[in-house]
Amino acid sequence: VQLQASGGGLVQAGGSLRLSCVASGRTVADYHMGWFRQAPGKEREFVAGLRWSGGSTSYTYYADSLQGRFIISRDNTKNTMYLQMISLKPEDTAVYYCAAAKDDGRYVNDYKTSRPYDYWGQGTQVTVSS
């Protein structure tokens, strides 16, 4: 599967952005998904994850520091995953990456690391000005 992230940009503190991650080649419904980010000089960090559990059941996960401001979702009809971000802060400035993990048992215990993810998008820059 190929992933294409978009929706980044420059926004003032307190503003909102919605990132999109469009999948091609396979359907996002076949994968567990995640968003990561990497700020200059820092390691890539987990932002949010979405694990499907058959049918329409899914579970969402968030970095503790982002809970309540970021929402991950998926629209299978559009083969797209989203990250809605509100109340943005300058420290949210980073390149945001989407990723997909095969359903092979690795995701559920390791989703906060990059290890279970098999495919990555190219990243989209989010810059939050103060």
Side-chain angles (χ1 to χ4, degrees):
V1 64
Q2 292 79 45
L3 304 175
Q4 180 75 36
S6 63
L10 175 63
V11 63
Q12 289 187 331
S16 301
L17 280 175
R18 188 178 75 162
L19 306 183
S20 300
C21 177
V22 179
S24 59
R26 294 287 298 271
T27 173
V28 292
D30 291 338
Y31 298 91
H32 308 304
M33 305 293 291
W35 286 99
F36 287 74
R37 68 184 184 184
Q38 187 166 19
K42 295 187 178 181
E43 294 186 354
R44 188 173 298 188
E45 64 174 355
F46 171 77
V47 172
L50 192 153
R51 176 171 67 92
W52 66 270
S53 182
S56 61
T57 302
S58 62
Y59 301 90
T60 56
Y61 310 96
Y62 298 94
D64 291 342
S65 62
L66 302 176
Q67 187 85 30
R69 293 197 298 122
F70 288 16
I71 299 174
I72 187 173
S73 62
R74 181 176 66 192
D75 186 338
N76 290 341
T77 65
K78 297 182 178 180
N79 221 24
T80 301
M81 176 179 67
Y82 302 99
L83 184 68
Q84 179 69 51
M85 307 184 293
I86 66 171
S87 302
L88 283 164
K89 304 176 182 180
E91 51 263 43
D92 294 320
T93 295
V95 178
Y96 284 71
Y97 298 90
C98 58
K102 298 176 184 177
D103 182 33
D104 58 9
R106 294 175 296 156
Y107 183 91
V108 65
N109 292 318
D110 225 6
Y111 60 86
K112 290 186 177 181
T113 77
S114 61
R115 288 189 293 268
Y117 297 91
D118 302 288
Y119 307 98
W120 292 83
Q122 85 292 356
T124 184
Q125 175 71 47
V126 172
T127 303
V128 184
S129 63
S130 57

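Along the sequence shown, residues carry numbers from 1.
Nearest approach of Pro116 to Arg106, heavy atoms of both residues: O-NH2, 3.2 Å. When all heavy atoms are compared, the tightest approach of Ser87 to Asp92 is O-OD2, 4.4 Å. Between Val1 and Ala23, the closest heavy-atom pair is CG2-CB, 3.8 Å.
Legend: ring-ring contact (aromatic ring centres under 6.0 Å, His included) pairs involving residues 56-83, not counting sequence neighbours, sorted by first then second residue: Tyr61-Tyr111. A side chain to side chain donor-acceptor pair (under 3.5 Å) check over residues 3-17, counting only residues at least two apart or in different chains, returns nothing.
Of the inter-residue distances, the one linking Met33 atom CE with Cys21 atom SG reads 4.5 Å to the nearest 0.5 angstrom. Rounded to the nearest 0.5 angstrom, Leu83 CG and Arg74 CZ are separated by 14.5 Å. In this structure, CD on Gln84 lies 7.0 Å from CZ on Arg18, to the nearest 0.5 angstrom. Residue Thr60 holds its OG1 atom at 9.0 Å from CD1 of Ile71, rounded to the nearest 0.5 Å. Atom-to-atom distance recorded for Gln122:CD and Leu3:CG is 9.0 Å, nearest 0.5 angstrom.
Scored by the side-chain hydrogen bond (donor to acceptor under 3.5 Å, both in side chains) test, Asn109 finds no partners at all (sequence neighbours excluded). In this view, Trp52 and His32 satisfy the ring pair (Phe, Tyr, Trp, His ring centres under 6.0 Å) rule, not counting sequence neighbours. Checked against salt bridge (Lys or Arg N to Asp or Glu O under 4.0 Å), Asp30 has the following partners two or more places apart in sequence or in another chain: Arg26.
Of the options Trp120, Tyr117, Tyr119, a ring pair (Phe, Tyr, Trp, His ring centres under 6.0 Å) to Tyr31 is made by Tyr119 and by none of the others. Paired with Thr93 under the rule side-chain contact (heavy atoms from CB on, under 4.5 Å), one option of Val11, Val128, Val126 passes, and it is Val128.
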Name every donor-acceptor pair, under 3.5 Å, that has one atom in a side chain of residues 39-50 and the other anywhere in the protein, sequence neighbours excluded.
residue, atom, partner, partner atom, Å
Glu45, OE2, Arg37, NE, 2.6
Glu45, OE2, Arg37, NH2, 3.1

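Note on Leu17 and Tyr97: separate hydrophobic clusters, where clusters join Ile, Leu, Val, Met, Phe, Trp and Tyr whose side-chain heavy atoms are under 4.5 Å apart, directly or indirectly. Hydrophobic clustering, with ILVMFWY side chains joined whenever heavy atoms are under 4.5 angstrom apart, keeps Leu66 apart from Phe36. Following chains of ILVMFWY side-chain contacts shorter than 4.5 Å, one can reach Met81 starting from Met85, so the two form part of one hydrophobic cluster.
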